[in-house]
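Right, one structure below, let's go through it.
Just so it is clear: chains get the letters A, B, ... in the order the sequence lines come, proteins before strands, and each one is counted from 1. Heavy-atom basis, side chains included; hydrogens, waters and symmetry copies ignored.
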There are 2 protein chains.
Amino acid sequence: MPGAGSEQGYRGPQVCKIVGITYRQLDHWDRTGLLRPSLAAARGSGTQRLYSYKDVVVLRIIKQLLDSGVTLQRARKAIDFFRDSVGDDLASANLVLGASDSVLARDGDELLDLLRGGQGVFNVVPLSGVVDDVRHRIVELGAEAHEATATAEPAPESTRQQHGPTDRQARAR
Amino acid sequence: MPGAGSEQGYRGPQVCKIVGITYRQLDHWDRTGLLRPSLAAARGSGTQRLYSYKDVVVLRIIKQLLDSGVTLQRARKAIDFFRDSVGDDLASANLVLGASDSVLARDGDELLDLLRGGQGVFNVVPLSGVVDDVRHRIVELGAEAHEATATAEPAPESTRQQHGPTDRQARAR
DNA sequence: TAACCTAGTGACGCAGGTGTAGTTACGACG
DNA sequence: CGTCGTAACTACACCTGCGTCACTAGGTTA
């Protein structure tokens, strides 16, 4: 076991443990384009995928969507939207999925407006919760998964930026 | 076409139009126990299923869940909960589905508490919206679907009961 | 009673998502 | 340079949720 530090990002099997999915799923999601490792793709049997910290968060979002009974298809659309409209400030708001579109709601009021306005079903993903969740899971496994502590992680504090009085609201589809 | 009034409830193909699903789906959902017609079950090729008004509303809920990308599996659990905990006062609250349990949230505050408290994904179904929705759809098709105007319908007004200051909150699983 | 319309039934098939298992190949170490 | 561990690849199979289509059987009307 060589000294950690040279590696960046997380490798496939490790990601599975952190996120709580099977390797088969991770593989399938890569091949079908749901989410491919942004640091290093697989290039044959002997190689290995390398996922960034953000990748892990996104994967965890997908996992939670699945757990709550959302289709992979719907998750795909949600992730597409997420990638387009969320920058590096993960945990900034709530991701709200309607029947045909996705929205970012910054605070509770916006959320209530959305829920009151539309007559359909909404799937709500509290992003900050997911980010905290991922952090905990990494720490818990940290003892075992000694190597590959990511430099892609945006430093332990910076994720905590609270939402200001901005009223921006992205929308897609 | 005999004078309407002798019949009660809605027959299969009609329900499909109102709810917006295919006959195959309705059939499948009956056979697999998701929702069977509460007024009359099918008893052979020549017979016909008879659905109550509440059945139609529930079916519409399922349909909207599907549209928003929720699995049939999850919908099954949701409907089980719905049947157990919602009486005849449909449209009373919001049906909130978490990863492992279902909840009825009466007002916006309860909703926000739920969303803030849990760190998972939530699927929110505004029941009053669904009831209105069904009503409109029946009216729209009413001109064409002349027959079988249900007596199971709880009279055009009585559904509108507003939620009082009660703080009951059912929960399952 | 024969002809029809309507609605439920059965069999078949397909696609997506995933488990299982065996195979292959990179990279490290002796 | 051979061996080994690990991770990715391939093939197969299964299960759910339907679409399609041909078939069957009440009920009604002629």
Pairs where residues 32-42 of chain A contributes a residue and the test salt bridge (charged side-chain N to carboxylate O under 4.0 Å, His left out) is met, not counting sequence neighbours: D30(A)-R36(A)
Salt bridge (charged side-chain N to carboxylate O under 4.0 Å, His left out) partners of residues 111-121 of chain B, not counting sequence neighbours, each pair once: none
Contact pattern, 5' to 3', of nucleotides 17-23 of chain C - B, S or - by protein heavy atom under 4.0 Å: SBBB---
side-chain N/O R11(A) vs dG5(D) OP1/OP2, d < 4.0 Å: no
With sequence neighbours excluded, residues passing side chain to side chain contact (heavy atoms under 4.5 Å, CB included) with T47(B): A42(B), R43(B)
Set of residues satisfying salt bridge (Lys or Arg N to Asp or Glu O under 4.0 Å) with respect to D80(A), sequence neighbours excluded: R83(A)
Below 4.0 Å: OP1/OP2 of dC26(C) and any side-chain N or O of R49(A): no
Distance, rounded to the nearest Å, where R74(B) contributes CZ and dT16(D) contributes P: 18 Å
Donor-acceptor pair between T32(A) and R76(A) side chains, under 3.5 angstrom: yes
N123(B) side chain vs S68(A) backbone, donor-acceptor pair below 3.5 Å: yes
Presence of R31(B) side-chain N/O under 4.0 Å of dG10(C) phosphate oxygens OP1/OP2: yes
L50(A) CG to dT6(D) C1', straight-line distance once rounded to whole Å: 15 Å
By side-chain hydrogen bond (donor to acceptor under 3.5 Å, both in side chains) - contacts of D67(A) (at least two apart): K63(A)
Between the first and last five pairs of the helix from dT1(C)-dA30(D) to dG30(C)-dC1(D), the angle of the axes, rounded to 10 degrees: 20°
Protein-nucleotide distance (D27(B), atom CG; dC21(D), atom P), rounded to Å: 17 Å
Whole-Å distance separating the CD atom of Q48(A) from the P atom of dC9(D): 12 Å
Distance, rounded to the nearest Å, where Y10(A) contributes OH and dA7(D) contributes P: 16 Å
Sequence-distant partners of R60(A), salt bridge (Lys or Arg N to Asp or Glu O under 4.0 Å), two or more places apart: D133(A)
Touch class at under 4.0 angstrom, heavy-atom based, for R43(B) against every strand present: nothing
With S38(A) via side-chain hydrogen bond (donor to acceptor under 3.5 Å, both in side chains) - residues at least two apart: S52(A), D55(A)
